[in-house]
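The structure appears below as structure tokens.
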Amino acid sequence: MVKVVKSTIMDAPVEAVWEVLRDFNGHDQWHPAVADSAIERGLPSDKIGCVRRFHLVDGSELREQLLTLSDADMAFSYCLLDTPVPLLNYVAHVRLVPVTDGDRAFWYWESRFDTPAGREEELATMVGEQIYEGGFAAVREHMGLAPAETGEA
């Protein structure tokens, strides 16, 4: 099983970052890889079990299910149901933690998944860089924050 962990510090109050990330159907508003997104069956985007169906800018369609959501912990988890990329048994966790030094937010994004033999490194790099680090940069831009000064951790 492959594990990808990325984290960053956002120069914004944790509540403001949570407001952006909490919307399970809002990633098409900030992630450059996502063209459009809709929650199936008209469910609210914060209902545990809801499924978002979205298209990437290349036309690929994916479906992800919200597994957990906690406003108290500022955290959620989700899994991939359908994807053209062979990320098998993919489950991801997102969590925000307040950084009291400067009223900032620590953003932790982790996933575990299986891949076809020999593609572990390729797919781990794709998830870590294109999805997670790309997402960090995109949320900064969406919120009008300055780019990170150093590489993402």
Partners meeting side chain to side chain donor-acceptor pair (under 3.5 Å) with D58 (sequence neighbours left out): S60
Intermediate values then yes/no, side-chain contact (heavy atoms from CB on, under 4.5 Å), M143 and W30: CA-CA 9 Å; M143 295 182 71; W30 53 265; over 6 Å; no
Beyond-backbone contact of W109 with V94, side-chain heavy atoms, under 4.5 angstrom: yes
Rounded distance [0.5 Å steps], CG in D36 versus CD in E61: 8.5 Å
CH2-CG distance between W18 and D23, expressed to the nearest 0.5 angstrom: 10.5 Å
Backbone N/O of G118 and side chain of E120: donor-acceptor pair under 3.5 Å: yes
Separation of D82 CG from Q65 CD (nearest 0.5 Å): 11.0 Å
Closest contact, heavy atoms only, L87 versus Y90: O-CB, 3.8 Å
Considering all heavy atoms, the nearest L123-P86 contact: CD1-O, 3.6 Å
Geometric class of the Y78/F24 ring pair [parallel <30°, tilted 30-60°, perpendicular >60°]: tilted
ILVMFWY network linking L67 to V4, side-chain heavy atoms under 4.5 angstrom: no
Minimum heavy-atom distance F76-L21, with the two atoms named: CE2-O, 3.6 Å
Heavy-atom pair with the smallest gap, counting every atom of V14 and A105: CA-CB, 3.6 Å
Connected via hydrophobic side-chain network under 4.5 Å: V5 and V97: yes
Minimum heavy-atom distance G135-W107, with the two atoms named: O-CH2, 3.9 Å
Side-chain H-bond candidate by donor/acceptor type, T8 with R140, under 3.5 Å: yes
Linked, directly or transitively: L80 and V91 (ILVMFWY side chains, under 4.5 Å): no
Distance-only donor-acceptor check, side chains H93 and R112, under 3.5 Å: no
Pairwise distance CZ(R63) to OG(S37) - rounded to 0.5 angstrom: 12.0 Å
side-chain contact (heavy atoms from CB on, under 4.5 Å) evaluation trace for H142 with H31: CA-CA 9 Å; H142 176 76; H31 204 295; over 6 Å; no
V51-L66 co-clustered via ILVMFWY side chain contacts under 4.5 Å: no
Side-chain heavy atoms of L81 within contact of E64, under 4.5 Å: no
Distance, nearest 0.5 Å, that separates CD of E15 from CG of D71: 11.5 Å
Residue E141 excluded, over 12 heavy atoms near CD under 6.0 Å: no
NZ/NE/NH1/NH2 to OD/OE distance under 4.0 Å, K6 and E110: no
Pair Y132-S111, side-chain donor/acceptor within less than 3.5 Å: yes
Steps toward side-chain contact (heavy atoms from CB on, under 4.5 Å) verdict (L62, R53): CA-CA 6 Å; L62 292 87; R53 178 184 303 267; over 6 Å; no
Minimum-distance pair of heavy atoms, taken over all atoms of V57 and P32: CG1-O, 3.5 Å
Verdict with reasoning, L88 to T115, per side-chain contact (heavy atoms from CB on, under 4.5 Å): CA-CA 6 Å; L88 313 169; T115 69; over 6 Å; no
Rounded distance (nearest 0.5 Å) linking atom CD1 of I131 with atom OG1 of T125: 11.5 Å
